[in-house]
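In what follows, a single structure is set out as structure tokens and then discussed.
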Amino acid sequence: MLRRGGRPGLLGTVARTAVVAGTATATANAVSRHGQQKAAEKEAAAQQQAAAQQPAPAAPPPPAPPPPPAAPTPDDTSTDDLVGQLTQLGKLRDAGVLSPDEFAAAKTKLLGG
């Protein structure tokens with residue numbers, strides 16, 4: 001049986017349609033994957049930027065305040081020493097190491113009250 005030239009037969013048309021459809025599907029899948037990769041890259045970049053903008057973790061709490069000095073007896077404490085100790089307590093309070101209540105208690109002990 002001889003074939004005549006020109007248009008393909010039914011089997012040729014089906015084969016060509018299958019190739020075109022397969023190529024279109026492959027192209028659509030590749031475009032979709034590319035879009036998903038771009039979206040994932042953008043999301044990762046946004047997460048990195050958000051992490052960079054977050055403040056650094058809070059510093060650890062300050063160490064426990066040192067025990068207040070023992071109440072001095074009037075014989076062994078000079079006025080200069082008492083002023084120095086009160087100044088030191090004030091600095092600890094201002095630095096946040098001592099609460100106002102702790103400061104008041106330590107000051108009362110220093111003053112012998």
Side-chain angles (χ1 to χ4, degrees):
M1 180 169 188
L2 288 176
R3 290 209 50 169
R4 61 182 183 164
R7 296 184 307 186
L10 179 61
L11 189 58
T13 302
V14 170
R16 183 181 312 158
T17 302
V19 168
V20 169
T23 303
T25 301
T27 303
N29 288 341
V31 169
S32 177
R33 273 193 310 273
H34 181 70
Q36 288 173 349
Q37 284 179 334
K38 284 281 199 183
E41 289 172 3
K42 282 184 181 180
E43 185 176 335
Q47 287 176 352
Q48 286 178 346
Q49 185 178 13
Q53 290 177 353
Q54 289 181 348
T73 59
D75 296 338
D76 64 357
T77 304
S78 69
T79 305
D80 291 339
D81 190 35
L82 181 61
V83 171
Q85 289 176 344
L86 287 172
T87 304
Q88 182 65 25
L89 284 174
K91 288 180 183 177
L92 290 173
R93 179 199 57 209
D94 293 343
V97 175
L98 291 177
S99 70
D101 293 335
E102 292 170 329
F103 171 76
K107 183 173 80 170
T108 302
K109 282 185 180 181
L110 277 177
L111 295 176

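Only heavy atoms go into these numbers, but all of them, side chains included; no hydrogens, no water, no symmetry mates.
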Report task. Identify the heavy atoms of L86 and L110 that sit nearest to each other, and give their distance. Result -> CD2-CD1, 3.8 Å
Requested in this report: Output yes when a side-chain donor or acceptor of T108 lies under 3.5 Å from a complementary backbone atom of A104, and no otherwise.
Outcome: yes
**Report entry** Closest heavy-atom pair and its distance - K107, L89
**Finding:** N-CD1, 4.0 Å
Side-chain donor-acceptor distances from residues 44-51 under 3.5 Å, at least two apart:
none

With a 3.5 Å cut-off and sequence neighbours excluded, list the donor-acceptor pairs that the side chains of residues 13-25 form with protein atoms.
unit_1, atom_1, unit_2, atom_2, d
T13, OG1, G9, O, 3.0
T17, OG1, T13, O, 2.8
T23, OG1, V19, O, 2.8
T25, OG1, A21, O, 2.9

